[in-house]
Enquirer: 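Handing you this structure, nothing more for now.
Start at 1 and go down the list; that is how both ligands and their atoms are numbered. Not measured: the values here are computed from a predicted model.
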Amino acid sequence: MKRNLLLLGFMSLLTIFVLSACATNDETTSEENSDSKEEEKDDSTMDQDMEGHMDHDEEVSLNNSTGENELEIPSVLESDNEDEVAYTVRAQKGETEIFDGTETKTYGYNGDFLGPMLRFHKGDKVKVKTVNELDEETTFHWHGLEVPGEADGGPHESLKPGEEKLIEFEVTQEASTLWFHPHPDGKTAEQVYNGLAGLIYIEDDNSKSLDLPNKYGENDIPLIFQDRTFDDEKQLNYSAAMNEDGTIGETSLINGTLNPKLTVNQEKVRLRLLNGSNARNYTFKLNTGESFLQVATDGGFLNEPKKLDEITLTPSERAEIVIDFSKLNKEDELALINTEDEDGSILLPFEVSDQTGEDSGIPEKLNDFSITEEEMDLPVSKEVELFGMMDKVTINGKKFDPDRIDFTQEQGETEVWEIYNKPDEMGGMIHPFHIHGAQFKVLSRDGEKLPENEQGWKDTISVEPDETVKVAVQFKEKGVYMFHCHNLEHEDNGMMGQVKVE
Ligand code: C2O
Ligand code: CU
């Protein structure tokens with residue numbers, strides 16, 4: 001509600017701003033135009049841009065999925081040899097038939113578009129050979145993974161075209177759904193937009209003993225939600241679509257599939273939701289209003305399943321939910337919708353087959369995550385102030401500088417970080433705040449106790465305008481780690497800092 005009000009105020013101000021800006025634009029002669037950065041853009045793209053800037057992200061609704069294509073499931077990457085967990089991950093260029101009969105130029109890992117799923121087990125000693133087959137620099141960042149700084153793939157770990165690098169780490173954290181994507185300085189948003197993103201599943205003894213649906217691609221389904229704008233040639237044209245305040249598009253892709261549907265048996269199905277968009281927030285809901293169970297946050301299981309009617313994820317956040325398709329009314333057309341859009345755009349229609357599936361249970365107890373009183377009582381030792389919009393975004397008044405260490409923290413030491421989203425005269429917007437190399441515990445929002453479905457490991461937390469969020473952060477490993485807004489344009493615009501763990 002608070003956000004809606006802020007947004008409203010913001011919108012009316014911006015309408016005035018945009019109207020006058022558009023008027024100026026109309027008077028601009030082509031000569032003046034050619035001097036500016038907008039050189040190749042004609043008036044209509046200018047207008048579009050202005051509209052895009054007008055709103056932070058909720059304005060451009062997503063197109064409804066027609067459900068004509070069965071959802072793609074990312075392949076599972078095989079280890080390079082049998083006695084080791086050794087993967088090769090290549091960033092490469094490709095072409096993908098997203099629209100029938102047209103090849104769209106895309107980026108992918110080990111393929112044309114997006115990437116395979118990497119499965120790790122807790123305790124694994126993992127080797128990953130990373131190879132850059134692009135024509136530009138890139139890095140390989142493991143979002144949510146607790147690894148030493150040098151294996152983390154931040155902007156310092158850049159690989160030039162043709163270069164490769166072997167990284168090694170041990171998986172020490174619990175079962176969870178993580179992901180990987182590039183992180184080159186100033187180019188992260190564009191490379192993710194072009195298709196660089198893949199999934200990591202971590203399993204452990206607990207996840208294997210729980211009776212949750214776990215047949216990959218059958219009743220354990222990853223869903224990578226992304227929004228894009230395609231140009232007249234059905235190409236991804238990042239510089240044309242780019243919005244300094246967060247690039248959003250009207251075309252919804254799930255696992256890279258346009259107009260997807262998911263066919264399921266009459267059984268419980270686990271959906272691993274990843275908001276892989278550059279900037280769009282999603283609120284997931286069933287069109288029938290029926291509830292589902294949330295079982296996991298970014299970094300692990302909740303202690304108990306939490307019954308919900310809807311769940312919001314900001315960019316890079318994950319949640320695992322379970323929907324019981326044996327119970328839902330089969331007469332209804334079922335779909336997952338996004339209620340951030342005014343009319344609730346249809347993201348993923350479900351087709352429920354006649355087949356009864358497995359009878360996997362939902363255990364009452366999933367985990368033993370806890371926040372101790374000691375942690376609750378810790379004083380705040382790091383303050384993070386998120387501020388600004390467009391390319392004027394800062395953290396504690398500063399923009400990212402690769403040569404500046406903003407914070408230091410001791411390995412294994414728990415510290416409380418207080419994150420404040422300072423509004424501006426236009427209201428402000430949500431910033432999804434992410435810390436590398438750690439899963440943290442969220443202690444409070446505006447001093448209040450958290451909803452039960454946020455009482456689990458997190459690596460990204462949405463912070464609303466004027467909100468203060470406290471998190472308890474501990475790094476298991478050493479190194480330099482990024483912390484930043486996961487609105488990828490904000491990140492590229494410098495809303496990022498570095499913490500050195502020693
Ligand atoms: Cu998804 Cu800096 O990361
Ligand atoms: Cu931001």
Enquirer: Can you name the N, O or S atom of H490 that is closest to the Cu ion (ligand 2)?
Expert: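 Atom name of the closest N, O or S in H490: ND1.
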
Enquirer: Do any of the N/O/S atoms of H181, backbone or side chain, fall under 2.8 Å from atom 1 (Cu) of ligand 1?
Expert: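 Short answer: yes, at least one N, O or S atom is under the cut-off.
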
Enquirer: Using a 4.5 Å cut-off on heavy atoms from C-beta on, say whether the side chain of V499 contacts that of T408.
Expert: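 Heavy-atom side-chain distance check fails, nothing below 4.5 Å.
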
Enquirer: Look at the aromatic rings of F433 and F483 and report parallel, tilted or perpendicular, splitting at 30° and 60°.
Expert: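 If you compare the ring of F433 with that of F483, the planes turn out tilted.
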
Enquirer: Answer yes or no: is there a donor N or O on one side and an acceptor on the other, between the side chain of D298 and the main chain of K458, under 3.5 Å?
Expert: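 The answer is no, because no donor-acceptor pair under 3.5 Å joins these two groups.
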
Enquirer: For the Cu ion (ligand 2), find the closest N/O/S atom belonging to H431 and write down its atom name.
Expert: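 Atom name of the closest N, O or S in H431: ND1.
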
Enquirer: Looking at atom 2 (Cu) of ligand 1, is there an N, O or S atom belonging to H484 that lies under 2.8 Å away from it?
Expert: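 So H484 does bind atom 2 (Cu) of ligand 1 by this criterion.
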
Enquirer: Looking at E168 and K125, is any side-chain nitrogen of the basic one under 4.0 Å from a carboxylate oxygen of the acidic one?
Expert: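 Looking at K125 and E168, the cut-off is not met.
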
Enquirer: Does any N, O or S atom of H486, backbone or side chain, fall under 2.8 Å from the Cu ion (ligand 2)?
Expert: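 Under 2.8 Å: H486 has no N, O or S contact with the Cu ion (ligand 2).
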
Enquirer: Would a line drawn from the ring center of H431 to the ring center of H484 be shorter than 6.0 Å?
Expert: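 Not under 6.0 Å, so no.
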
Enquirer: Verify the distance test for H141 against atom 1 (Cu) of ligand 1: any N/O/S atom under 2.8 Å, yes or no.
Expert: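 Looking at H141, which is the residue asked about, there is no N, O or S atom under 2.8 Å from atom 1 (Cu) of ligand 1.
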
Enquirer: Should K187 and E136 count as an ion pair when the cut-off is N to O under 4.0 Å?
Expert: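 Here K187 pairs with E136 in a salt bridge, since their nearest N and O are under 4.0 Å apart.
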
Enquirer: Strictly under 2.8 Å, is atom 2 (Cu) of ligand 1 approached by any N, O or S atom of H143?
Expert: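 Checking H143: none of its N, O or S atoms is under 2.8 Å.
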
Enquirer: Examine all N, O or S atoms of H183, backbone included, and report whether one is under 2.8 Å from atom 2 (Cu) of ligand 1.
Expert: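 Yes - counting backbone and side chain alike, H183 has an N, O or S atom under 2.8 Å.
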
